[in-house]
Amino acid sequence: MKFGKRLQQQIEETLPGWRDKFLSYKRLKKLVNLISSSPPPSHRHCVEAEADFVYLLNHEIDKFNAFFMEKEEDFIIKRKELQQRLQRVIDTWGPNGARPSETNCKEDMAEIRKDIVNFHGEMVLLVNYSNINYTGLAKILKKYDKRTGGLLRLLFIQKVLKQPFFTTEVVSKLIKECESTIAQVFPVDEKEIGRREPTIRVTGEGVFRNTVAALLTMQEIRSGSSTRSQFSLPPLDLTDSEFIRTLQMNSPPIPIPIL
Amino acid sequence: MSSSLPVLPTPLEDTFSKLPNSQQVYMEQELRTRPLAPAPHIPANSGVVGHIFSSSSGLSSDLQYSSASPHEKLPRTTSFISQSSTPIPQTSHSGLPQSSTSSHYTKESSSSWCPESLPGYVDFAANTPVQNSQMEGSSCSGAIVSEEFSKRNDWHEWADQLITDDDPLGSSWNEILADTSMTEMEPKMSYQVPKTPTSMPAHRTQVHQQLPASSTEIRTVVTPSASANNAPAKPRMRWTPELHEAFVEAVNQLGGSERATPKGVLKLMKVEGLTIYHVKSHLQKYRTARYRPDSSEGSSEKRLTPLEEISSLDLKTGIEITEALRLQMEVQKRLHEQLEIQRNLQLRIEEQGKYLQMMFEKQKSGIDMLKGSSSNQENSSTSLAKSELEGTQVDHDKKGSDTANANSTNEESSQPKELDGKQKAPETEAPENAELNVSELSSQPSKRPRTEE
C-alpha cells in the first residue's frame, strides 16, 4: 500500500485533537505532480508551484514544531502533576502515611496507574507523530527530487533533522522514566501473566487503540516498497511478540500481516 | 529564469548583511546549488509572490536594525503588521491549504527564506565559545528562546548564557518512591553548544532550531491554550523539565498556582530570555493541569480500557484492569522501541547520504581537473558508478540493522539523474573507495525497473 494511504489510516486512527496536525502529504504530492507535469522549468506555473511547494513544506514544519512543543510542554507539566499525585496517595493512604487504608490506597493507585499508562501512551504517540511526519517529508522530498531532478532533498532533510519536532530526546527520556515508575508502581502478579485472551478487541478512541494502530501502520509502511533505495528503512519485524499478533482492531478489523 | 535569479541574492544579501562572512559565503553556495529553490519570480502573474519576498526581506532588515533585546514588542509588531498586509499567493491556486488562518501563509514567507540561513546559524554558533555562567537564584537554567531575525545580532549573548551541564533527567520518580523530598534536587540545564557541527544534534537543535519556528510561531499555535492571541506574536518557547522545575519552585514560593502572577514568577525565575508571555501561557497550562488533572491532555479524548467494561472495583476486576494496563504498556513500550530504532536508522541513512554527496562533489572537482570532455562515457558509466556506490552503501546500512531483509540489499533505483555530468570516470572511484564492495554490483543495470519485494 502507498504511504499516502497509510498516513491517512494513521490520521483516522489518531487521537481527535491531532487529526489536522499531520503532514499534508496529498497536497504536497499534488504540487510535485504539478511541478513535474509542466515543463520546461522556466514555465510560469512550474515556478509558482515550486515556490508553493517550498512554502508548504516550511509551513508544515512550523506546524509540526508548534504542535510538538506544545505537547511536550503539556507532558512536562503532566509528569510533574502525576508525580505529586503519586506522592500524595502514598503519603495519605500508604503504609507509612497519615491514614493508612488499603482499599482507598488501592483505588487511588489504580486510578493513578491508569493515568500513568495513558500518559506514557500519549508520549509514545507523540514520538510516533514526529516520526511519521518525518517519514512523509523524506518521501515527498525524494519524490520531488526524482521528478524534477532537483537537489532539494538532502539539504532540506538536514534542516529537518534539527527541528524541534524531530528532536524527541526529552520526550523519550520522559517515556523511559515513566516506564521505570510503572515498574515500581505496578504490583507483581506472576500467575496472571501467562493468561491471555486469544483475541483482544481494541475498542474506542483511547490511547491504547492509537498505539496499536501506530505500531501496525509502522510495520506496514516498512513492509516493502517498489522504490527501495539506500534511503529506505528495512522492514519491521514484530513476529517475536506473540500477543501483538492476536490484537485485532475494531471496525474495520485489520488482519495483521506477519512478515 | 535567468532574469529572476539576480533578484534572489539581493534580498538575502540585504537581509544577512550583518552576518559574518563565512555565513554569507555558505549561503551563496547554497543559492548556487539550489537554482530551483524559491525563485522570486517577478513577472506579472506572480507579482504577488514577489511581493511576499520583498516584504519578508524588508521585514528582515527592519528587525535586524533593531538591536533591541528579544523581548521587545516593537519588532514583533512590525513583523506582524507587515506580514498581515501582504496578500496570499496561494489563494490563486487550487487545492492549497486554508485550514488555518491566512496569516499562516504570510508568516510563512519570512521563514521560507530561512532554509539557507539555518546552516549558517549552525556554523556560526558552533564557533562561538561557550562560557559557563551560573544563573542567579536557586535554580540555574538557561532559556532557549526562539526568535528569528532579531536574534541574529545577539548570538554572542545567547551562547554565553547556555550552561554546559550534563545532569540527567531521571531523578524525580525514583526519588519520590524512595520517599525523599523533591525540592532537594537542584535543577540544572543540560544544554550545550558543541564546537563541532556534527556532534550532538539533539542539543544543538534546541539552540538553533528555534529560529524557524519563531516568527510563524505564535500564530501557528492554534491550540486554545495559546492565550492572548491578539497580542503581538510571542516567540515559541521550548520548555524543559528543568525549566519547569524552576517554574514550580517559583510558583510555590509565591503561594501556589492560584496566587502566583506571571510577573512574579518571571522575576523569581530569573531566567534570561524568558518573557512574561511564556510564563503566562505556561502558568495557565499549569493551573489547568492541577485542577482538572485528568482532562488537561484534552478533554475530548476518551480513555477506554481495552476490556469491555469495568463495573466495580472489586479485587477480581482490579486484577483484570491491571492486566489490561500491563498489556497496554507492553504495546506502548514496543512502539517506542521501534520508533527509536527507526529514528536512529533514519539519522544514519541521512548521514551516509550526506557523506555520499560530499564524496561526489570531491570527486567532481578532482575529475574535472583530470579529464577533458568524453561525454560519451558519461551517462552509462556515471549511473553505473553511482549505483555501485549506493548499492554498497545499502550493504553497509543493512549489515548494521537488526531487522535487515536480505533481499533488499540489491535494490536501488534512486536518482541517477542527479549525477549526470557530475562524474566522468568510474574507474577512479575504486581506489578511493577501497573498502566498499564494488564488485557485487558491477553487473547491475544503472536503472532498475520498479520491482516488488
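A note on names: the letters A, B, ... follow the listed sequences, proteins ahead of strands, and every chain is numbered from 1.
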So that I can tick it off, tell me whether [Y] and [X] are bridged by a salt bridge, with the cut-off set at under 4.0 angstrom between side-chain N and carboxylate O.
{"X": "Glu323(B)", "Y": "Arg326(B)", "result": "yes"}
{"X": "Glu351(B)", "Y": "Lys354(B)", "result": "no"}
{"X": "Lys21(A)", "Y": "Glu70(A)", "result": "no"}

At a heavy-atom separation under 4.5 Å, does [X] approach chain B through its side chain, its backbone, both, or neither?
{"X": "Phe53(A)", "answer": "neither"}
{"X": "Ser130(A)", "answer": "neither"}
{"X": "Ile77(A)", "answer": "both"}

Looking only at His282(B), Gln332(B), Met329(B), the option with the highest number of non-hydrogen pairs under 4.5 Å against chain A is Gln332(B)
From the list Tyr129(A), Phe64(A), Phe166(A), ring pair (Phe, Tyr, Trp, His ring centres under 6.0 Å) partner of Tyr134(A) resolves to Phe166(A)
